[in-house]
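Inspection log for the structure reproduced underneath, given as structure tokens.
Whatever order the structure lists them in is the order used to number ligands and atoms, beginning at 1. The basis for the numbers below is simple: all heavy atoms, side chains too, and nothing from hydrogens, waters or symmetry mates.
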Amino acid sequence: MEQKSRVILLPCKEYEEEEIYSLLKKGLALLGGVESLIGKEEQILLKPNLLKKAEIEKAVITHPIVVGALARILREEGYNRIMLADSCGNGTTSKVIQGTGMDAYLEKYHIPAVDYKEPVMVSYPQGIQAKEFILPKELTEADCVISVSKMKTHALERITGAVKNSYGFIYGRQKAIGHTKYPSADSFARMLVDLNKMVKPRLYLMDGIVAMEGNGPGAGDPVPMNVLLMSTDPVALDSMFARLVYLDPALVPTNYHGEKMGLGTWKEEEILVLLPEGKEISISDAVKLFGKPDFHVDRKRLRQNLWTRMAKALNLFQKKPYIQADLCVKCGICVNSCPVPEKAVDFRKGKDQPPVYDYKKCIRCFCCQEMCPKKAIKVR
Ligand code: SF4
Ligand code: SF4
């Protein structure tokens with residue numbers, strides 16, 4: 001019988017360092033130990049979610065204590081070549097982590113924070129959606145990646161977790177350009193699956209002690225989910241996240257395409273969920289014990305019939321971003337983040353007014369909503 005994908009579910013109510021350290025050690029042991037995944041001489045790149053500079057309590061970025069506890073374990077296990085980096089949506093790695101506490105952990109464990117400086121084109125002929133990627137040189141020089149994602153909602157892909165965290169492998173401005181190349185949720189998800197298959201992170205960890213619901217991934221609301229999740233299968237991991245928030249895992253494009261393209265599985269019968277002491281728990285029991293039915297996430301099913309296809313082609317009933325004028329400080333970050341060359345959001349009425357959308361140009365990538373520092377951009 002083929003082996004099931006293991007998802008380790010670590011219940012955890014607080015960001016308490018010793019508790020997280022001990023849980024992560026147990027979780028890693030249940031995956032066979034770090035040494036079964038990563039050789040001692042390998043250069044490890046830790047990849048947290050560092051979307052933008054934000055207070056830790058807002059649940060925008062991976063919590064520093066989770067990163068710190070993992071770093072401590074790696075150091076204690078004798079790993080000497082570790083660095084940390086992300087291709088942040090706004091700012092550099094060192095600027096985004098400055099003052100969050102993550103910088104202090106990196107200093108304590110002698111782990112450099114890398115600001116990506118040089119792009120390299122990497123071809124991937126076997127890709128189904130994407131045949132090449134522009135990656136940071138520093139990433140291509142690492143032997144392996146550990147992904148440390150944050151459990152959050154996402155306007156385009158419904159949720160962002162393990163698979164989506166890998167979009168931070170793409171170099172700088174190329175991330176915005178990627179949205180114009182892969183504008184639909186499906187094409188974007190397939191590209192992400194190709195990217196994960198190419199880079200092949202060895203381990204995926206997800207910080208869901210406090211998750212983000214609602215207007216994620218940059219402007220939603222923090223909500224306790226009280227779990228850390230771990231797996232070597234990012235699709236299984238994301239499917240567990242989806243189930244815990246009562247979202248059909250097959251409705252998440254990265255799960256759907258991830259399974260079809262052989263990255264992993266979202267199927268219940270192919271997943272084994274283990275608690276920290278190694279006890280197996282059924283998915284239904286895990287959802288009963290740790291799930292949150294009122295978690296604010298898009299659970300709508302899109303029926304694929306002639307009418308919905310026509311409506312999609314005509315741009316009818318599509319989600320769209322809009323600006324809540326009273327929250328807008330006219331900083332222009334949304335305009336700068338818009339990847340459409342002619343700008344689908346711009347100061348069309350002058351810089352003393354909030355920017356205005358041109359929905360005919362808008363590709364619904366929601367970069368503007370992700371980046372707005374004032375939660376002024378909503379999606380309806
Ligand atoms: S990023 Fe937000 S606050 Fe800044 S101009 Fe755009 S809507 Fe206004
Ligand atoms: S306006 Fe916003 S959602 Fe539309 S293309 Fe620009 S960044 Fe993307």
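The nearest heavy-atom contact from the protein to atom 8 (Fe) of ligand 2 is C365 SG, 2.4 Å. Protein heavy atom at the shortest distance from atom 2 (Fe) of ligand 2 is C368 SG, 2.3 Å. Protein heavy atom in closest approach to atom 1 (S) of ligand 2: Y357 CE2, 3.3 Å. For atom 4 (Fe) of ligand 2, the nearest protein heavy atom (residue, atom name, distance) is C362 SG, 2.4 Å. For atom 6 (Fe) of ligand 2, the closest non-hydrogen atom of the protein is C338 SG, 2.4 Å.
One finds the CZ atom of R173 at 13.0 Å from the OH atom of Y171 (value rounded to the nearest 0.5 Å). Atom NE2 of residue H257 and atom CG of residue D194 lie 11.0 Å apart, to the nearest 0.5 angstrom.
Residue pairs satisfying the salt bridge (Lys or Arg N to Asp or Glu O under 4.0 Å) criterion with at least one member in residues 343-352, sequence neighbours excluded, are absent.
Taking a cut-off of under 4.0 Å to the non-hydrogen atoms of I377, the atoms of ligand 1 that pass are 7 (S). Close contacts between ligand 2 and F366 involve ligand atoms 3 (S), 8 (Fe) [criterion: under 4.0 Å to a heavy atom]. The P339 neighbourhood of ligand 2 comprises atoms 7 (S), with distances under 4.0 Å to a heavy atom of that residue. Close approach of ligand 2 to V340 (heavy-atom distance below 4.0 Å) involves ligand atoms 5 (S).
When every heavy atom of C88 is checked against every heavy atom of L50, the shortest pair comes out as CB-O, 3.2 Å.
Inside a sphere of radius 2.8 Å centred on atom 4 (Fe) of ligand 1, the protein N/O/S atoms present are C331 SG.
For the pair K137 and Y116, the cation does not sit on the ring face, since its NZ or CZ is not both under 6.0 Å from the ring centre and inside 45° of the axis. Note that R380 lies in the cation-pi zone of Y322, set by a 6.0 Å cut-off to the ring centre and a 45° limit from the axis.
Residue K150 forms a side-chain hydrogen bond (donor to acceptor under 3.5 Å, both in side chains) with just one option from N165, T160, N49, D207, and that option is D207.
Within a 6.0 Å radius of CD in E342, other residues, nucleotides and ligands contribute more than 12 heavy atoms.
Side chain of K26 to backbone of P276: no donor-acceptor contact under 3.5 angstrom is found.
Ion pairing between K117 and D115 fails under the 4.0 Å rule for side-chain N and carboxylate O.
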